[in-house]
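These numbers were taken from a predicted model, which means no experiment stands behind them.
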Amino acid sequence: MFDNSFYEMAVKSRAMGDYYLKMVIGVIVTVFGVLAFPYIGAIALIIVVIGLYIVITYAQDKNVEYEYTFTDSSVEIAAIMNASKRKEVFSFDMEQVTMIVPLGSKRIENESFSKKRDYSSAKREDQVYCFVVENDKQKQLVMLEPDEKALKHIKTYGRNKMYND
């Protein structure tokens, strides 16, 4: 059925609102430093460097792709920034999952979560599934956008935890 119970897929995400906010802050700090140079001299150069650092650091957040790796009952999520830098962002085991529902389900609308993690494309063109993950006595909401093959894999290990409403 599965090739050693392993499946890997990627979802390209678009830039979110906080990306643009960070970039605007970086540009404002840089411009402020440039304009303040005649008045405060060397301190303005430090402000310019800080502004440029903010812009350069957060520029990589625009092109993010999330890679899902399903191995048996474990799920690992990595963020790939600008197709060059890979960072493991979250992992969980299906035993930690208490519920899997589509985004907008009434089953989770009144739930409170210690953290919400959105690892979807943010375009909402395809079906986004919410995984309620409990670890260390914390309940977290993890949003993924699995394709059909990944969904079959998830159903194999979390069939009794999936709800369609």
Side-chain angles (χ1 to χ4, degrees), residues 1-26 50 53-165:
M1 184 166 164
F2 295 106
D3 208 16
N4 292 331
S5 295
F6 175 84
Y7 182 65
E8 190 172 72
M9 67 168 287
V11 173
K12 187 162 181 64
S13 181
R14 67 177 181 162
M16 302 297 280
D18 65 340
Y19 162 77
Y20 295 108
L21 177 67
K22 292 171 187 173
M23 292 303 288
V24 167
I25 290 171
I50 291 170
Y53 175 78
I54 292 170
V55 170
I56 292 168
T57 300
Y58 292 112
Q60 67 180 342
D61 291 349
K62 183 172 175 119
N63 298 315
V64 176
E65 185 174 86
Y66 293 113
E67 181 181 81
Y68 310 147
T69 305
F70 303 94
T71 309
D72 294 328
S73 67
S74 71
V75 179
E76 296 173 1
I77 304 154
I80 302 169
M81 274 88 68
N82 290 331
S84 62
K85 183 179 172 188
R86 186 177 195 278
K87 178 182 174 186
E88 296 289 329
V89 290
F90 193 68
S91 64
F92 60 90
D93 197 273
M94 290 302 286
E95 292 175 5
Q96 297 172 303
V97 175
T98 58
M99 185 183 333
I100 305 168
V101 296
L103 183 66
S105 172
K106 295 197 182 294
R107 290 183 183 266
I108 59 170
E109 69 182 14
N110 294 323
E111 294 281 335
S112 63
F113 301 100
S114 62
K115 190 160 190 174
K116 292 184 180 181
R117 300 172 178 267
D118 189 353
Y119 302 121
S120 67
S121 68
K123 296 176 188 168
R124 306 296 189 242
E125 293 171 357
D126 293 322
Q127 184 69 43
V128 175
Y129 285 89
C130 299
F131 292 70
V132 179
V133 179
E134 290 187 23
N135 55 2
D136 300 327
K137 298 183 181 180
Q138 290 185 341
K139 191 186 295 188
Q140 299 184 42
L141 183 71
V142 180
M143 292 174 263
L144 302 179
E145 198 169 327
D147 62 11
E148 287 301 316
K149 194 169 180 182
L151 209 49
K152 284 181 185 178
H153 189 95
I154 292 166
K155 287 179 182 177
T156 300
Y157 294 97
R159 179 178 310 280
N160 57 344
K161 300 173 184 184
M162 288 193 81
Y163 301 96
N164 290 324
D165 56 347

Heavy-atom side-chain proximity of [X] to [Y] below 4.5 angstrom:
X    : Y    : answer
L103 : M143 : yes
Y7   : D147 : yes
L141 : K115 : no
Q127 : P146 : no
E111 : K139 : yes
L151 : M162 : yes
Y129 : L144 : no
V132 : K161 : no

message: Can you list everything that forms a salt bridge (Lys or Arg N to Asp or Glu O under 4.0 Å) with E88? Sequence neighbours excluded, please.
response: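 Once residues adjacent in sequence are excluded, the partners of E88 under the salt bridge (Lys or Arg N to Asp or Glu O under 4.0 Å) criterion are R86.
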- prompt: Applying the side-chain contact (heavy atoms from CB on, under 4.5 Å) test to F131, which of T98, V75, V97, V101 qualifies?
  reply: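 Answer after filtering T98, V75, V97, V101: V97.
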If you measure from [atom1] on [X] to [atom2] on [Y], what distance do you get to the nearest 0.5 Å?
X    : Y    : atom1 : atom2 : value
C130 : I100 : SG    : CD1   : 10.5 Å
T156 : D72  : OG1   : CG    : 10.5 Å
E95  : N135 : CD    : CG    : 13.0 Å
N160 : K155 : CG    : NZ    : 13.5 Å

Taking every non-hydrogen atom, the tightest pair across [X] and [Y]:
X    : Y   : value
V64  : M81 : CG2-CG, 4.0 Å
S120 : S13 : O-OG, 3.5 Å
T69  : E8  : OG1-OE2, 3.3 Å
I54  : G26 : CG2-CA, 3.6 Å
E145 : V11 : O-CG2, 3.6 Å

field: Trace of the side-chain contact (heavy atoms from CB on, under 4.5 Å) decision for I154 with M94
entry: CA-CA 8 Å; I154 292 166; M94 290 302 286; 4.1 Å; yes
query: If you measure only the distance, is there a donor-acceptor pair under 3.5 Å linking the side chains of Q140 and S114?
result: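 On atom types as modelled, these side chains do not qualify, holding no pair under 3.5 Å.
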task: Could you name each residue pair satisfying salt bridge (Lys or Arg N to Asp or Glu O under 4.0 Å) that touches residues 98-107, not counting sequence neighbours?
output: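 As it turns out, the salt bridge (Lys or Arg N to Asp or Glu O under 4.0 Å) pairs with a partner in residues 98-107, which skip direct neighbours, are R107-D165.
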task: Under the ring pair (Phe, Tyr, Trp, His ring centres under 6.0 Å) rule, collect the residues that match up with Y66, sequence neighbours excluded.
output: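 With sequence neighbours excluded, Y66 shows a ring pair (Phe, Tyr, Trp, His ring centres under 6.0 Å) to Y119, given in chain and number order.
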task: Classify the angle between the aromatic ring planes of F70 and Y68 as parallel (below 30°), tilted (30 to 60°) or perpendicular (above 60°).
output: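 F70 and Y68: perpendicular rings.
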task: Flag yes if more than 12 heavy atoms outside E109 fall under 6.0 Å of its CD atom; otherwise flag no.
output: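 Check passes, neighbour count above 12.
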